[in-house]
Amino acid sequence: MKTADYLGKTTLALKDYGELPLRFGKDFFATDTAIRKKQQYISELEKVKKSGDLKTVSIWEEQIRHLERISTFRIDSDRLTYANSHGDFHIGQVIVKDNDITVIDWTSACRLPVCLDVITSYVFASPDCSRGAVDAEGLNRYIRGYTKYFPLTEYDIKTMPYVLYFWHCICNYCPDELAGIAEKYQPIAMLIQNLLNWLYVHVEELSEDIWKSFYRYTNREKHM
């Protein structure tokens, strides 16, 4: 929860900094982006099959399956809230000392959908997500902690799981990298693969659950 608190304060502090370069905007979240990558992977898979290197075929097929899934998404990037951001906010980019958090490595600083910042930082920080499944109630508490400082719209919250899934599919390690990834990167690669497989089944359910939970909480707060 302290991470959510700090992320909200960071977004608020960067609000008047001046617009940083845009990353992950309209062109990124377009259906054509997923379709192009899927076609590229299908072409690469055929080459792999012809080479006789069958041990990576299942990895290629799995990634293609995810790209097919996200190509059906309709993410309206014009409705997403964008803000200046660290750009890569997760547990590996902070130093914690004496209960204080210091954000490091600002080379990725940019403008991006704040909902992507929130859900990515939660997944990488929460022990409840360590096997790739997203704990909806934990995420909802995280969202509430963040929105004390920076607002999210209904569309931001509902679209958050779709944005996360789309982003990881496009920016994930390619199948060749996954097949020979260095040992020190294996835990994060495995987490991402497990997350993608979980979202393949549960992305709609997660979207509904976090919005319903957030809506109930905010309504209760209004009537207290």
Within residues 38-59 or reaching into it, pairs that qualify as ring-ring contact (aromatic ring centres under 6.0 Å, His included) - sequence neighbours excluded
Tyr41-Trp60
In chain order, what residues pass the side-chain contact (heavy atoms from CB on, under 4.5 Å) check against Ala179, with sequence neighbours excluded?
Thr56, Ile59
Pairs of donor and acceptor atoms involving the side chains of residues 16-24, under 3.5 Å and at least two apart or interchain, shall be tabulated with distances.
none

Sequence neighbours left out, cut at 3.5 Å: what donor-acceptor pairs do the side chains of residues 5-12 make with other protein atoms?
residue: Asp5; atom: OD1; partner: Tyr149; partner atom: OH; Å: 2.4
residue: Asp5; atom: OD2; partner: Lys9; partner atom: NZ; Å: 3.3
residue: Tyr6; atom: OH; partner: Ile101; partner atom: O; Å: 3.0
residue: Thr10; atom: OG1; partner: Tyr6; partner atom: O; Å: 2.8
residue: Thr11; atom: OG1; partner: Leu7; partner atom: O; Å: 2.9
residue: Thr11; atom: OG1; partner: Tyr146; partner atom: OH; Å: 3.0

Under the rule for salt bridge (Lys or Arg N to Asp or Glu O under 4.0 Å), what residues qualify as partners of Lys49, not counting sequence neighbours?
none
Apply ring pair (Phe, Tyr, Trp, His ring centres under 6.0 Å) to Tyr173 and list each qualifying residue two or more places apart in sequence or on a separate chain.
none
Salt bridge (Lys or Arg N to Asp or Glu O under 4.0 Å) against Glu61, all qualifying residues, sequence neighbours excluded:
none
With a 3.5 Å cut-off and sequence neighbours excluded, list the donor-acceptor pairs that the side chains of residues 158-170 form with protein atoms.
residue: Lys158; atom: NZ; partner: Glu154; partner atom: OE2; Å: 2.5
residue: Thr159; atom: OG1; partner: Tyr155; partner atom: O; Å: 2.6
residue: Tyr165; atom: OH; partner: His66; partner atom: ND1; Å: 2.7

Minimal non-hydrogen separation, Trp198 against Ala133, with atom names
NE1-CB, 3.4 Å
With sequence neighbours left out, write down each residue that passes side-chain contact (heavy atoms from CB on, under 4.5 Å) with Asp27, or none if nothing qualifies.
none
Which residues satisfy the salt bridge (Lys or Arg N to Asp or Glu O under 4.0 Å) test with Lys47, sequence neighbours excluded?
Glu44
ILVMFWY cluster, Met1 and Ile143 together (side-chain gap under 4.5 Å)
no
Going by side-chain contact (heavy atoms from CB on, under 4.5 Å), name the residues that satisfy it together with Asp209, two or more places apart in sequence or in a different chain.
Ala136, Glu205
Are Met190 and Val123 connected in a single hydrophobic cluster, I mean Ile/Leu/Val/Met/Phe/Trp/Tyr linked by side-chain heavy atoms less than 4.5 Å apart?
no
Counterpart residues, side-chain contact (heavy atoms from CB on, under 4.5 Å), relative to Ile35 (two or more places apart)
Thr31, Asp32, Gln39, Ser71
